[in-house]
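Everything on this sheet refers to the single structure shown next.
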Amino acid sequence: MYELDHHTPYRHARYEFTPLPLIQRGLAFHEAGHTVLGQLVGFTCERVRVRTITRDGVTGWTGATTWARSFGTYLDVAVVCGAAGQAADLHQLAEAGRLTPETARLCEADHDKQMALSILAAEGIQVSDTNPAPDSGLAWDHVMATAQHIVDREWDRITAVAEALLAAPDFTLTGTQAAQIAGITTA
C-alpha cells in the first residue's frame, strides 16, 4: 500500500499569505489528479482526502491518496504517483487565472516525484531529467508532459472529484465514491 503526499503540511512559510480556501482547493485538485489518473490505468484507490496534520509542532493542511493495489507500466507509475497531482494543481490555477511563476512554484510536488523515483529505482528503472531517456528508462520531462496531456483530457472528471472532495464534510472520499463521481468503472 502506498500513501501519496505524505509530506510536510501546507503551513510552510511559502504559504503563509495564501488564504486557507485556496490551499484546500489546490490540495483537492492535486489529490483528484492522482486519483482519477490512477483509476483510469487500473490502480485501486482506497481513499482520497485533504486534512489537517500536525508534525513537529506545526499544524497545517495536506492531502493523501491511498492505493490498495497498483498495476500498470512504469510510465503509469511515474505519471500517477509523481506528476498527476502537480499537473492538476497547475491546470486549476490556470483555469482560475491565478497561474504565475510564483504560484507555479507553490505547486511543485518534489515529494511526489521523489516517491515515484524511489518506486522506479527499486524496480531498476533509470530516470533522467530530460530526453533522451536512458535505455529502458524514462525522462522526467516526458512524464510531466504525459501527465499534463492526460489531465487536460480528463479535466471534467478531475474537477468533479475535486469539487466532491471539497464538499465532503471531512474532505474524504472512498476510492469507490471517487470512481463513481468520475464515471470510472473499477474492477
Side-chain angles (χ1 to χ4, degrees), residues 1-7 9-10 18-53 60-99 106-107 109 111-113 115-116 119-120 143-187:
M1 177 181 343
Y2 293 107
E3 183 170 305
L4 303 182
D5 301 327
H6 191 70
H7 58 88
Y10 280 79
T18 305
L20 183 58
L22 293 181
I23 292 171
Q24 292 167 330
R25 184 171 182 77
L27 287 167
F29 275 89
H30 183 106
E31 296 307 324
H34 286 306
T35 302
V36 170
L37 271 63
Q39 290 180 324
L40 285 170
V41 297
F43 289 19
T44 301
C45 177
E46 285 188 340
R47 178 182 64 205
V48 57
R49 65 183 173 161
V50 173
R51 64 188 177 111
T52 58
I53 186 171
W61 285 83
T62 192
T65 302
T66 307
W67 303 102
R69 181 174 45 117
S70 302
F71 297 107
T73 68
Y74 294 125
L75 180 60
D76 291 340
V77 171
V79 166
V80 171
C81 297
Q86 181 174 330
D89 206 357
L90 290 168
H91 190 114
Q92 69 91 15
L93 284 171
E95 277 216 344
R98 291 195 292 267
L99 183 59
L106 293 176
C107 295
H111 55 281
D112 289 348
K113 180 179 178 182
M115 174 180 278
I119 293 167
L120 295 170
V143 170
M144 285 301 301
T146 300
Q148 194 62 62
H149 172 76
I150 299 169
V151 163
D152 292 348
R153 185 184 71 216
E154 301 297 338
W155 188 243
D156 290 343
R157 292 177 189 224
I158 293 167
T159 298
V161 172
E163 296 296 344
L165 193 53
L166 288 168
D170 58 355
F171 299 109
T172 300
L173 297 173
T174 66
T176 301
Q177 290 170 321
Q180 289 171 344
I181 291 162
I184 298 170
T185 304
T186 58

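Quick note: numbers below take in every heavy atom, side chains included, and nothing from hydrogens, waters or symmetry partners.
- Here the shortest heavy-atom pairing between Cys45 and Thr35 reads SG-CG2, 4.0 Å.
- From Asp89, atom CG reaches atom CG of Leu27 across 7.5 Å, with rounding to the nearest 0.5 Å.
- In this structure, the side chains of Arg98 and Leu22 come closer than 4.5 Å at one or more pairs of heavy atoms.
- With sequence neighbours excluded, the residues that form a side chain to side chain contact (heavy atoms under 4.5 Å, CB included) with Ala182 are Val36, Arg157, Val161, Ile184.
- Listed by chain and residue number, Leu120, Leu138, Trp140, Val143 satisfy the side chain to side chain contact (heavy atoms under 4.5 Å, CB included) test with Ala78 (two or more places apart in sequence, or in another chain).
- Sorted by first and then second residue, the pairs that involve residues 158-173 and meet salt bridge (charged side-chain N to carboxylate O under 4.0 Å, His left out), not counting sequence neighbours, are Arg25-Glu163.
- Here the SG atom belonging to Cys81 is positioned 8.5 Å from the CG atom belonging to Asp112, to the nearest 0.5 angstrom.
- A pairwise comparison of heavy atoms in Gly33 and Ala84 identifies O-CB, 3.6 Å as the closest pair.
- The structure places OG1 of Thr146 at 10.0 Å from CG of Asp76, a figure rounded to the nearest 0.5 Å.
- Pairing each heavy atom of Met144 with each of Ala83, the nearest pair is SD-CB, 3.3 Å.
- Looking at residues two or more places apart in sequence or on another chain, you find no side chain to side chain donor-acceptor pair (under 3.5 Å) involving Thr172.
- Separating the SG atom in Cys107 from the CG atom in Leu99 is a distance of 7.5 Å, to the nearest 0.5 Å.
- Taking NE2 of His30 as the reference point, atom CG of Leu165 lies at 12.0 Å (rounded to 0.5 Å).
- In this model, no donor atom of one side chain and acceptor atom of the other lie less than 3.5 Å apart for Glu46 and Thr66.
- A 4.5 Å side-chain heavy-atom check between Thr52 and Thr62 finds every atom pair outside the cut-off.
- Of all non-hydrogen atoms in Ala32 and Ala162, the two that sit nearest each other are CB-N, 3.7 Å.
- Looking at residues two or more places apart in sequence or on another chain, you find no side chain to side chain donor-acceptor pair (under 3.5 Å) involving Gln86.
- Under the side chain to side chain donor-acceptor pair (under 3.5 Å) criterion, Glu95 pairs with Trp155, not counting sequence neighbours.
- One finds the CD atom of Glu154 at 5.0 Å from the CG atom of Leu40 (value rounded to the nearest 0.5 Å).
- Checked against Thr65 for a side-chain hydrogen bond (donor to acceptor under 3.5 Å, both in side chains), the options His34, Arg49, Arg47, Glu31 give a single hit: Glu31.
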**OP:** For the pair Val41 and Phe43, evaluate side-chain contact (heavy atoms from CB on, under 4.5 Å) and give the outcome as yes or no after the intermediate values.
**Re:** CA-CA 6 Å; Val41 297; Phe43 289 19; 3.7 Å; yes
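- Judged as a ring pair (Phe, Tyr, Trp, His ring centres under 6.0 Å), the pairs with a partner in residues 164-183 (not counting sequence neighbours) are, in order, Trp61-Phe171.
- Taking all atoms of both residues into account, the shortest heavy-atom contact from Ala28 to Leu166 is CB-CG, 3.7 Å.
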